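Just passing along the structure, written as structure tokens.
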Amino acid sequence: MQLKQTFFARDTLKVARDLLGSRLVRLEDGKRASGIIVETEAYRGEDDLGCHCSAGRTKRTEVMYGPPGYSYVYFVYGMHWLLNFVTESEGFPGAVLIRAIIPDEGQEIIAARREGRPRSEWTNGPAKLCQAMGITGQLNNHNICHPDTSIFVERGREIPDKLVSTTPRVGLDSVPEPWKTIPWRFVAEI
DNA sequence: AGCACGATTAACT
DNA sequence: GTTAATCGTGCTC
């Protein structure tokens, strides 16, 4: 069943933790591709210097200040798209970056988009999974709790705490402490 | 109007 | 381990 807005309208860290084990679903041309989320990162508040919202409200970050349960898809390094889901209450910025999934339904669609790469590298990175699932800026600022959305999350398996580890977030080398090493990355060992 | 940089990846050495 | 690819964004001039 499709996760509701109330799921996302919580503390970003809890949402990031609870998204582990749930299913990211993409509908395209009536076909379904999906994967189980196994790695996430939390970005929360203007104080968080690793979060884009540390720049305050801008055209780009506006979606993170909006209602929870929306997609935030942005472009980096001139070639890659990254997928986030907006959290917290409207007015307070936060989002969870989806960093890795395990492909499940529609693997032939994913394989076609990741042609030539080994199966283990289809969706084991935030830009890789976006490529595999056909996620681009077109999907930015979509209400993923709406019944007709083409991208959403379904409740999946519960992951016990003993299978979840936390680490610093990736790629924040030039961000000052404590944000650089605060353990807001969540990984499920499945 | 211009510029430095980035929540990455793949293909190198 | 190193590096190029490539461009939107936000900041400075």
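The structure presented is a predicted model; accordingly, all values stated were derived computationally and were not measured. Lettering of chains follows the sequences in order, A, B, ..., and the numbering in each one begins at 1.
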May I ask you to verify if any side-chain N or O of R117(A) is less than 4.0 angstrom from the OP1 or OP2 atom of dA10(B)?
yes

So if I apply the side-chain contact (heavy atoms from CB on, under 4.5 Å) rule between N140(A) and each of L83(A), N84(A), V63(A), which one comes out positive?
V63(A)

Please give, in whole Å, the distance from dA7(B) P to R99(A) CZ?
11 Å

Rounded to whole Å, the NE2-C1' distance (H52(A) to dT8(B)) equals 12 Å

More than 12 foreign heavy atoms under 6.0 Å from CZ of R157(A): is that the case here?
no

State whether S174(A) places a side-chain N or O below 4.0 Å from either non-bridging phosphate oxygen (OP1 or OP2) of dG6(B).
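True: S174(A) side-chain N/O within range (under 4.0 Å) of dG6(B) OP1/OP2.
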
Taking CZ from R60(A) and P from dG6(B), how many angstroms apart are they, rounded to a whole number?
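Going from R60(A) (CZ) to dG6(B) (P), I get 11 Å.
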
Tell me whether the NZ or CZ atom of R10(A) lies within the 45° cone about the ring axis of F7(A) and under 6.0 Å from its centre.
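That pair qualifies as a cation-pi contact.
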
CZ of F186(A) versus P of dA7(B): gap in Å, rounded?
19 Å

Using a heavy-atom cut-off of 4.0 Å across all strands, would you classify R57(A) as base, sugar-phosphate, or nothing?
nothing

Using whole Å, what does the distance between atom P of nucleotide dA7(B) and atom CG of L129(A) come to?
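Rounding to the nearest Å, CG of L129(A) and P of dA7(B) are 16 Å apart.
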
Name the nucleic acid region contacted by R169(A), choosing base, sugar-phosphate or nothing; use a 4.0 angstrom heavy-atom cut-off, strictly under.
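Touches nothing.
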
Are the charged groups of K162(A) and E189(A) less than 4.0 angstrom apart, N to O?
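No, this pair does not count.
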
Could you identify the nucleotide paired to dA1(B), looking across every strand shown and requiring Watson-Crick or G-U wobble geometry with both distances under 3.5 Å?
dT12(C)

Looking only at side-chain atoms of A127(A), point me to the closest of dT8(B), dA10(B), dA7(B).
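The closest nucleotide is dT8(B).
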
Expected list for residues 62-80 of chain A near DNA chain C, using heavy atoms below 4.0 Å, is F75(A), Y77(A), G78(A), M79(A)

Compare side-chain N and O positions of K128(A) against OP1 and OP2 of dA10(B) and report whether any pair is under 4.0 Å apart.
yes

Using the closest heavy atom to pick a nucleotide of DNA chain B for each, name whichever of E121(A) or Y43(A) lands nearer the 5' end.
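Its nucleotide being nearer the 5' end, the pick is Y43(A).
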
Quick check for you: to the nearest 0.5 Å, what is the distance between R57(A) atom CZ and Y65(A) atom OH?
6.5 Å

Atom CG of N124(A) to atom C1' of dT8(B): distance rounded to whole Å?
12 Å

Considering every strand and a 4.0 Å limit on heavy-atom distances, what is the contact class for G125(A): base, sugar-phosphate, or nothing?
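Sugar-phosphate only.
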
Does dA10(B) have OP1 or OP2 sitting under 4.0 Å from an N or O in the side chain of R114(A)?
yes

Under 4.0 angstrom, heavy atoms only, what part of the nucleic acid is L97(A) near: base, sugar-phosphate, or nothing?
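Base, at least one base atom sits under 4.0 Å.
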
Salt bridge between R169(A) and E41(A), side-chain N to carboxylate O under 4.0 Å?
no

Between dA7(B) (C1') and R185(A) (CZ): distance, integer Å
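Going from CZ in R185(A) over to C1' in dA7(B) covers 12 Å.
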
Report the C-alpha distance between Y72(A) and Y74(A) in whole Å, list the side-chain angles of each, state the deciding distance to 0.1 Å, and finish with yes or no for ring pair (Phe, Tyr, Trp, His ring centres under 6.0 Å).
CA-CA 6 Å; Y72(A) 169 43; Y74(A) 75 94; 5.4 Å; yes

Round to a whole Å and report the spacing from CG of L172(A) to C1' of dC5(B).
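It is 14 Å, rounded to the nearest whole Å.
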
Taking CD in E158(A) as the centre, count heavy atoms belonging to other residues, nucleotides or ligands within less than 6.0 Å. Is the count above 12?
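Counting other residues, nucleotides and ligands, CD of E158(A) stays at 12 neighbours or fewer.
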
